[in-house]
Protein chains: 2
Amino acid sequence: MPTETPSAGTVTGARALEHPRREDIRLAEVLHALADPMRLRVVRRLAAAHTELNCADIELPVSRSTCTHHFRVLRENGVIQQIYRGTAKMNALRTEDLEALFPGLIDGVLRAAELQADRLGED
Amino acid sequence: MPTETPSAGTVTGARALEHPRREDIRLAEVLHALADPMRLRVVRRLAAAHTELNCADIELPVSRSTCTHHFRVLRENGVIQQIYRGTAKMNALRTEDLEALFPGLIDGVLRAAELQADRLGED
DNA sequence: CTGGAATTACGATGTTCCTCGTACAATGAA
DNA sequence: TTCATTGTACGAGGAACATCGTAATTCCAG
């Protein structure tokens, strides 16, 4: 645990955001990442947007630290990709990777989410 | 908590196995039920069998009580239906309900599981 | 009625998860 | 450099989960 101040050479700003490689993504972990209403909402927003979204663009009724947590779960399980853009951190679905690994899966989940939302009158 | 001996009229053998009604099944809960390797295996076996299966027919590398636990999670989240057949308890996918609620979802998950199994050389 | 086979219930344990609040770090603008 | 914005790290509390072993329940067959 490096409690010491980072050495001058360390570019702490560019923290390495660890993403699993495509071949390391596991179905059970993807499903687990999707099996939470908050995270499902995030994924739906990202899918609807068709672009990267700032964390702040996706309003969640939870605290910011909780928000960070959910985004991390999505990233660590291979569902989204996160990159820094200046002061913000942009999020995007890993559509290509997921489609290559599990064709149709994400679309199926998204469609199911839409249907349920319609049925329950929620968002 | 009825610790007393069941009255004569109570047919304890036919314990009411509680299943959620179709309209109470939630996507996030279904995904959660599927987001476990053991349970995913159960669902794949049931889907491949096209019939009811005894718990004992689905071999899992865990203890019997753990097995019971997983089957219960699947049932309580609306993925399978369980009924007693004499001394055994039969399990079947709730294909109709799931297809009505989330068309294509289960198939998508099953296909994804197949692909991953092929890719990883596992079962 | 007694035994055997199948499964559950119960209790325990250790782990993971969701949530929060507070303090800190990094970037861009004034 | 200072400030505002944005997001992270850390620690903690409470709930849920996965797993087990043992005891109890239920049904069918002698």
Side-chain angles (χ1 to χ4, degrees), chain A residues 1-18 26 28-29 31-42 52-77 80-91, chain B residues 1-8 10-18 26 28-29 31-42 52-77 80 82-91:
Chain A
M1 310 82 185
T3 34
E4 4 168 350
T5 308
S7 65
T10 307
V11 184
T12 47
R15 281 149 294 179
L17 280 170
E18 299 218 343
R26 290 292 170 276
E29 294 172 359
L31 292 177
H32 165 249
L34 297 175
D36 179 281
M38 290 304 161
R39 296 196 287 263
L40 212 41
R41 185 188 299 210
V42 170
E52 307 176 318
L53 285 185
N54 190 325
C55 288
D57 295 337
I58 305 170
E59 292 164 17
L60 295 181
V62 291
S63 76
R64 265 180 309 199
S65 24
T66 302
C67 202
T68 296
H69 163 71
H70 286 305
F71 278 100
R72 176 164 43 205
V73 172
L74 287 169
R75 169 169 50 83
E76 290 178 343
N77 290 332
I80 68 171
Q81 191 186 26
Q82 298 189 290
I83 47 178
Y84 286 101
R85 287 245 190 285
T87 179
K89 186 187 211 168
M90 306 305 289
N91 306 275
Chain B
M1 313 81 183
T3 33
E4 6 168 349
T5 308
S7 65
T10 307
V11 185
T12 47
R15 281 148 294 179
L17 281 171
E18 299 220 342
R26 290 291 170 275
E29 292 172 358
L31 293 177
H32 165 248
L34 298 174
D36 179 281
M38 289 307 159
R39 295 195 289 260
L40 212 40
R41 186 188 297 209
V42 170
E52 307 175 318
L53 284 185
N54 190 325
C55 287
D57 296 335
I58 304 171
E59 292 164 16
L60 295 183
V62 292
S63 76
R64 266 175 306 189
S65 23
T66 302
C67 203
T68 296
H69 163 70
H70 286 306
F71 278 100
R72 177 163 41 203
V73 171
L74 287 170
R75 168 171 49 86
E76 290 180 342
N77 289 331
I80 68 172
Q82 298 189 291
I83 47 179
Y84 287 101
R85 286 248 189 282
T87 180
K89 186 190 212 168
M90 307 305 288
N91 306 276

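Proteins come first, then strands; the chains are lettered A, B, ... in the order of their sequence lines, and each starts at number 1.
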Measuring to OP1 and OP2 of dT8(C), would you say a side-chain N or O of Lys89(B) lies under 4.0 angstrom away? yes

Between atom CG in Leu74(B) and atom P in dT8(C), what is the gap in whole Å? 12 Å

Whole angstroms only, please: what is the CD-P distance between Glu29(B) and dC18(C)? 14 Å

State whether Thr68(B) places a side-chain N or O below 4.0 Å from either non-bridging phosphate oxygen (OP1 or OP2) of dT8(C). yes

What string of B, S and - do you get for nucleotides 13-23 of chain D, 5' to 3', if B is base contact, S is sugar-phosphate-only contact and - is no contact with any protein heavy atom under 4.0 Å? ----SSBBB--

Do Lys89(A) and Asn54(A) come within less than 4.5 Å of each other through their side chains, counting heavy atoms only? no

For Asn54(A) and dT5(D), what is the distance between atoms CG and P respectively, to the nearest whole Å? 14 Å

With the side chain counted from C-beta on, respond yes when Asn91(A) and Glu52(A) share a heavy-atom pair under 4.5 Å apart, and no when they do not. no

Taken to the nearest whole Å, CD/Glu76(A) to P/dT8(D) is 11 Å

For side chain to side chain contact (heavy atoms under 4.5 Å, CB included), just list the numbers for Ile83(B) and Leu17(B), CA-CA rounded to whole Å, side-chain angles, deciding distance to a tenth of an Å, and then say yes or no. CA-CA 7 Å; Ile83(B) 47 179; Leu17(B) 281 171; 5.8 Å; no

I'd like to know if Glu18(A) pairs up with Arg75(A) as an ion pair, taking the criterion as any Lys NZ or Arg NE/NH1/NH2 lying under 4.0 Å from an Asp or Glu carboxylate oxygen. no

CG of Asp57(B) versus C1' of dT7(C): gap in Å, rounded? 14 Å

Looking only at non-hydrogen atoms, find the nearest pair between Leu34(B) and Leu40(B) and report the distance. O-CD1, 3.5 Å

Strictly by modelled atom types, are Thr66(A) and Ser63(A) linked by a side-chain donor-acceptor pair under 3.5 Å? yes

In whole angstroms, the gap separating C1' of dT6(D) from CD of Glu59(A) amounts to 15 Å

